[in-house]
Asker: 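Handing you this structure, nothing more for now.
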Amino acid sequence: MAEDFLHDRLAKVEKLRASGIDPYSRGFQPTHSSASARALIGEAERTEPVSLAGRLMVKRLQGGVVFADLQDGRGRIQLMAGRNIVGDEEFDRFADLDVGDIVGVTGPIFRTRRGEITLEVHSFQLLTKSLRPLPEKWHGLKDVEIRYRQRYVDLIANPEVREVFRARTRVITAIRGLLDERGFIDVETPVLQEVPGGGHARPFMTHHNALDRDLFLRIALELHLKRLLVGGFERVYEIGRVFRNEGLSPRHNPEFTLLESYQAYAGYEDVMQLVEDLVVVSAMAAGRPLEGAYQGESVDLTPPFRRERMADLVLEHTGRHAEGEELNDLFEEHVEPRLRQPTFVLDYPVEISPLARPQAALRAAGNVEAHPMDEDFLRAVEYGLPPCGGLGVGIDRLVMLLTDQPSIRDVILFPVMKPET
RNA sequence: GCCGGCGUAGCUCAGCCUGGUUAGAGCAACGGUCUUUUAAACCGAUGGUCCGGGGUUCGAAUCCCCGCGCCGGCACCA
């Protein structure tokens, strides 16, 4: 039976309750983490008792001694429980714990004969009984479908995955730190919008019941951030989720995290330097050397990044002179796939710009395919938008690059999946 | 949406091409032995709608068709 393992564990739960032990108890206070407990021992033979809490990952029985590995938020430490230390009853109870159970343990730290730093269990408390078996200890969890659908299992079984997401958090913190330091304010603008603007993308649609009004999930941050520049904030940024109703790929998730910033009176040279600085602090936060590699290809993030006009890049790669949409098409087909090092591509043809003004001009000229007009944004701009420079960075892709992950799903905790069958 | 690959025990995988006893292994779980182990001690007994549905055949995990999911590519796009 597919769920027999549940019955075995549930039977254990009932047995524990019958013997007066709460399989989901509270009140245990760890005094240390596995890492700080390790650090505690230094050159000493033995420490004072410490208390740790975490999940049992491996259990090795050796007659009257049982070894187990306890995994907590940052690492692992070995536990040793001896029959002649804790007594028969406690020993049997410890030996009956399952891999996956969450326990609190108390005892001194010492080194085993083999030199392994180990907590000698003097007392322990079952905090949470686990009902499902964990993936195998040696091969771990490889099935990517389970890894993405049940990320909690992935995070338990694959510690390197935790590190990727810790790196992601550090990158975002570092980006905020740099922007805050430079006088940008961190703002939040609407996700639900009447007119999804700021980019070319098919939006997700939703509906507000009380207003009986269709709304769209935002596809970009730009238009609201610019409204804030009109309002007098001179440096603003937002790191937020945007939604695009498009296909999935190793580089596309329908919801992703975008950084956009706008700075009044800045030119694009200022913005390029800001991007370089953001990349450098992000790489440092991720622990990635500037001269590193992505998926086996070396990628040097040392500023200054190459700056080239799109027309020059197209000429270099195709030998052709082009402009307008043709230039962009040639660029996307022949240049973009070959760019490996960070490169600022300058002077995009105005025809492909998603900016409101040329779009408005196209609409005025009768191109109904152009983006719908955001009348309120126009009104805001009519009050006067200061000249400004802005940037947009896909945080997920930046983290992919910095943590050397092949798929965007590896840097999004819960990527979009089709319904489970 | 289109094309290709993949889907076998809780996990990691054989078996499929070339159809043929009751579908295998390791780890986990279960019963025993073992007092300092390091993925993996020893002995024993378990565990499967072989993704789902149809078809071909005396006989299908294996061949064919349809569906679902995952991965990759294309399209859309950042």
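Within every chain, numbering begins at 1; the chains are lettered A, B, ... in the order of the sequence lines, protein sequences first and strands thereafter. Hydrogens, waters and symmetry mates play no part in the numbers below; they use all other heavy atoms, side chains included.
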Asker: Specify the residues of residues 267-282 of chain A, ordered by number, for which at least one heavy atom lies under 4.0 angstrom from an atom of RNA chain B.
Answerer: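 Nothing qualifies; none.
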Asker: Would you classify A:Ile146 as touching base, sugar-phosphate or nothing, given that sugar-phosphate means primed atoms plus P, OP1 and OP2, and contacts are heavy atoms under 4.0 Å?
Answerer: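 Since only primed, P, OP1 and OP2 atoms lie under 4.0 Å of A:Ile146, the category is sugar-phosphate.
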Asker: Within a radius of less than 6.0 Å around CD of A:Glu323, do more than 12 heavy atoms belonging to other residues, nucleotides or ligands occur?
Answerer: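 Counting neighbours around CD of A:Glu323, 12 or fewer heavy atoms of other residues, nucleotides or ligands fall under 6.0 Å, so no.
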Asker: Name all residues meeting the salt bridge (charged side-chain N to carboxylate O under 4.0 Å, His left out) criterion together with A:Asp143; count only those two or more places apart in sequence or in a different chain, and write none if there are none.
Answerer: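 Expected list: none.
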Asker: Check whether more than 12 heavy atoms from other residues, nucleotides or ligands sit under 6.0 Å from atom CZ of A:Phe233, and answer yes or no.
Answerer: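 Open: at most 12 neighbouring heavy atoms sit under 6.0 Å from CZ of A:Phe233.
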Asker: Using a 4.0 Å cut-off on heavy atoms, which residues in residues 393-409 of chain A reach RNA chain B? List them by number, or say none.
Answerer: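 Result for residues 393-409 of chain A: A:Arg397, A:Arg409, sorted by number.
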Asker: Looking at A:Arg227 and A:Asp374, is there a salt bridge between them, counting it only when a charged N and a carboxylate O are closer than 4.0 Å?
Answerer: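 Looking at A:Asp374 and A:Arg227, the cut-off is met.
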Asker: Quantified in whole Å, what is the C1' atom distance between nucleotide B:U36 and nucleotide B:G32?
Answerer: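 That atom pair is separated by 22 Å.
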Asker: So which nucleotide from B:C70, B:C11, B:C74 ends up closest to the side chain of A:Arg251?
Answerer: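 Closest nucleotide to the A:Arg251 side chain: B:C74.
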Asker: Determine the interatomic distance between P on B:C70 and the same-named atom on B:A29; round to the nearest Å.
Answerer: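 Rounded to whole Å, the distance is 31 Å.
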Asker: For A:Glu420 and for A:Asn253, find the nucleotide of RNA chain B with the closest heavy atom, then tell me which residue's nucleotide is more 5'.
Answerer: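 Comparing both residues, the 5'-ward one is A:Glu420.
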Asker: Looking only at the side chain of A:Phe256 (C-beta and beyond, no hydrogens), which of the listed nucleotides B:A78, B:C13, B:C74 gets closest?
Answerer: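 The listed nucleotide nearest to A:Phe256's side chain is B:A78.
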Asker: Mapping A:Pro250 and A:Pro254 to their closest nucleotides on RNA chain B, which lands nearer the 5' end?
Answerer: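 Nearer the 5' end of the strand: A:Pro250.
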Asker: When the C1' atoms of B:U8 and B:G24 are considered, how many whole Å apart are they?
Answerer: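 Taking atom C1' in both B:U8 and B:G24, they lie 10 Å apart.
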Asker: Take the protein atom CZ of A:Arg218 and the nucleotide atom P of B:A78, then report the distance between them rounded to whole Å.
Answerer: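 Atom-to-atom, A:Arg218 to B:A78, this comes out as 17 Å.
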Asker: Between A:Lys137 (side chain) and A:Met57 (backbone), is there a donor-acceptor pair under 3.5 Å?
Answerer: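 No, because the side chain of A:Lys137 does not come within donor-acceptor range (under 3.5 Å) of the backbone of A:Met57.
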Asker: Check this for me: does any side-chain nitrogen of one of A:Arg17 and A:Asp22 sit under 4.0 Å from a carboxylate oxygen of the other?
Answerer: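 Salt bridge absent between A:Arg17 and A:Asp22.
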Asker: Taking the same atom, C1', in B:G48 and in B:A9, what whole-Å distance lies between them?
Answerer: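 The answer is 5 Å between these two C1' atoms.
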Asker: Could you give all pairs that pass the ring pair (Phe, Tyr, Trp, His ring centres under 6.0 Å) test and reach residues 134-156 of chain A, with sequence neighbours left out?
Answerer: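 Checked against ring pair (Phe, Tyr, Trp, His ring centres under 6.0 Å) - neighbours excluded - no pair reaches residues 134-156 of chain A.
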Asker: Could you measure between the two P atoms, the one in B:C34 and the one in B:C50, and give it in whole Å?
Answerer: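 Each nucleotide's P atom is 41 Å from the other's.
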Asker: Rounded to the nearest Å, what distance is computed from the CG atom of residue A:Asp96 to the C1' atom of nucleotide B:A29?
Answerer: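 Taking CG of A:Asp96 and C1' of B:A29, I get 12 Å after rounding.
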Asker: Just N and O in the side chain of A:Arg149: are any of them under 4.0 Å from OP1 or OP2 of B:C70?
Answerer: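 So the side-chain polar atoms of A:Arg149 do come within 4.0 Å of the phosphate oxygens OP1 or OP2 of B:C70, strictly under.
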Asker: Side-chain donor-acceptor pairs under 3.5 Å in residues 266-273 of chain A, sequence neighbours left out?
Answerer:
residue, atom, partner, partner atom, Å
A:Glu269, OE2, A:Arg307, NH2, 3.3
A:Asp270, OD2, A:Gly267, N, 2.7

Asker: Classify A:Gly392 by what it touches in the nucleic acid, base, sugar-phosphate, or nothing, heavy-atom distance under 4.0 Å.
Answerer: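 The residue A:Gly392 makes no contact with any strand.
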Asker: How about A:Leu401 and A:Val279: do any of their side-chain heavy atoms sit closer than 4.5 Å?
Answerer: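 Answer no - side chains too far apart.
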Asker: According to a strict under-4.0 Å criterion, is A:Lys418 in side-chain N/O contact with OP1 or OP2 of B:G69?
Answerer: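 Yes, A:Lys418 has a side-chain N/O under 4.0 Å of OP1/OP2 on B:G69.
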Asker: Give the B/S/- string for nucleotides 33-39 of chain B, one per nucleotide from 5' to 3', where a protein heavy atom under 4.0 Å of the base yields B, of only the sugar-phosphate yields S, and otherwise -.
Answerer: -BBBBBB
Asker: Keeping the roles fixed (side chain from A:Arg397, backbone from A:Arg251), state whether a donor-acceptor pair exists under 3.5 Å.
Answerer: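 Yes; at least one donor-acceptor contact below 3.5 Å.
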Asker: Quick check: A:Phe124 with A:Phe94 (ring centres under 6.0 Å apart)?
Answerer: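 Yes, ring centres under 6.0 Å apart.
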Asker: When all nucleic acid strands are considered with a 4.0 Å heavy-atom cut-off, which category describes A:Tyr148: base, sugar-phosphate, or nothing?
Answerer: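 A:Tyr148: backbone/sugar contact only, no base atoms under 4.0 Å.
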